[in-house]
Amino acid sequence: MIVAKRIVCSGLLKAEQLPALFSREGIAWQRLDCAPWAEAYPYRPDVSFAIAHNGTQVLLCWRVAEDAVRAMAPADGGRVWEDSCCEAFIQLPGQPHYYNLECNCAGQLLLACGPDRHNRLAAPAATMASISRTTSLGRQPFDLRQGPCLWHMELAVPATVFFADHVECLSGIMARANFYKCGDLLPRPHFLSHYPIPLPHPDFHCPQHFGDLLFE
């Protein structure tokens, strides 16, 4: 089980505040150790994430070391999974739907909700814009850059991103979730997850294989 620690703070946090805050609060880093389709996609970049919350925001940090990066999605709502992309899929308790929050290494986001991969409702543009984000590679789209790259990204995600639900406070919620790294159009495509996915082909839209995520 992943535990998102409750951080007591006043006011809304900005993404750029998270590295120092996570260090001060001792937030644990979680590795993406599963490569469910390693036979077809053997490449494994080094990826870790850390998650916490402050009652009204999900706070998420990523660290990535990979051999190429790409960020071609021009804006929020684009095909970010084709880029160097980190993802959090979260299902609130008692709901048939789940949310896919996908962000490429230039901070462009995709957010949608639905019960499966074929029936997704895209988040309103204003909802995506409400997510504070920062990345060490900058916020402008760029084409493929080959060679070893270390990068990090931070997201401060208001609970209003759960737009098909009404979440007043995250504290005490036992959600289901999985966390991913992909890059479909990179020279070495890869599909990593935190919790294992016992399926024959790459598919992150599988809530039946999510694991527990407790918002402390």
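In this chain, residues are counted from 1 in sequence order.
The heavy-atom pair separating A175 from P93 by the smallest distance is CA-CD, 4.3 Å. Of all non-hydrogen atoms in F215 and V58, the two that sit nearest each other are CE2-CG2, 3.9 Å. When all heavy atoms of V69 and C105 are compared, the pair lying nearest together is CB-SG, 4.4 Å.
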Using atom types as modelled, flag every donor-acceptor pair under 3.5 Å from a side chain in residues 151-160 to any protein atom, sequence neighbours excluded.
{"from": "W151", "atom 1": "NE1", "to": "E66", "atom 2": "OE2", "distance (Å)": "2.8"}
{"from": "H152", "atom 1": "ND1", "to": "E154", "atom 2": "OE2", "distance (Å)": "2.7"}

Under 3.5 Å, which donor-acceptor pairs do the side chains of residues 12-30 form with other protein atoms, sequence neighbours left out?
{"from": "Q17", "atom 1": "OE1", "to": "K14", "atom 2": "N", "distance (Å)": "2.7"}
{"from": "E25", "atom 1": "OE1", "to": "K5", "atom 2": "NZ", "distance (Å)": "3.3"}

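When hydrophobic side chains of Ile, Leu, Val, Met, Phe, Trp and Tyr are connected at separations under 4.5 Å, F204 ends up clustered with W37, Y41, F89, Y98, Y180, F191, I197, L199, F210.
Remark: R139 engages no residue in a salt bridge (charged side-chain N to carboxylate O under 4.0 Å, His left out) (not counting sequence neighbours). Among residues two or more places apart in sequence or in another chain, the side chain to side chain donor-acceptor pair (under 3.5 Å) test is passed with Q57 by N54. By the salt bridge (charged side-chain N to carboxylate O under 4.0 Å, His left out) test, D212 pairs with R176, sequence neighbours left out. Contacts of R117 classified as salt bridge (charged side-chain N to carboxylate O under 4.0 Å, His left out), with partners at least two apart in sequence or in another chain: D203. With sequence neighbours left out, E82 forms a salt bridge (charged side-chain N to carboxylate O under 4.0 Å, His left out) with R79. With sequence neighbours excluded, no residue forms a side chain to side chain donor-acceptor pair (under 3.5 Å) with N178.
Contacts classified as salt bridge (Lys or Arg N to Asp or Glu O under 4.0 Å) and involving residues 37-54 (residues at least two apart or in different chains) are given here: R31-D46. Each salt bridge (Lys or Arg N to Asp or Glu O under 4.0 Å) pair with one or both residues in residues 93-111, not counting sequence neighbours, would appear here, but there are none. Within the structure, ring pair (Phe, Tyr, Trp, His ring centres under 6.0 Å) contacts touching residues 57-88 (residues at least two apart or in different chains) are F49-W62.
Between the side chain of R133 and the main chain of I131, a donor-acceptor pair closer than 3.5 Å is present. Between the D83 side chain and the M72 main chain, a donor and an acceptor come within less than 3.5 Å of each other. Judged by distance alone, with hydrogens and angles left aside, the side-chain atoms of H190 form no donor-acceptor pair with the main-chain N or O of K181 at under 3.5 Å. With hydrogens and angles disregarded, no donor-acceptor distance shorter than 3.5 Å links the side chain of T127 to the backbone of V161. Using modelled atom types, one side-chain atom of R120 and one backbone atom of G114 make a donor-acceptor pair closer than 3.5 Å. Checked by atom type and distance alone, the side chain of N104 pairs as donor or acceptor with a backbone atom of A106 at under 3.5 Å.
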*Test L186 against Y43 for side-chain contact (heavy atoms from CB on, under 4.5 Å), laying out the working first.*
CA-CA 11 Å; L186 289 171; Y43 176 56; over 6 Å; no
Test log, rule side-chain contact (heavy atoms from CB on, under 4.5 Å), inputs F162 and I90:
CA-CA 9 Å; F162 301 118; I90 299 175; 4.1 Å; yes
CA sep, side-chain torsions, deciding dist, call: R6, C169, side-chain contact (heavy atoms from CB on, under 4.5 Å): CA-CA 11 Å; R6 169 73 184 260; C169 182; 4.2 Å; yes
| message | Is there a side-chain contact (heavy atoms from CB on, under 4.5 Å) between Y195 and L213? Walk through the geometry before answering. | response | CA-CA 11 Å; Y195 289 112; L213 168 62; 6.0 Å; no
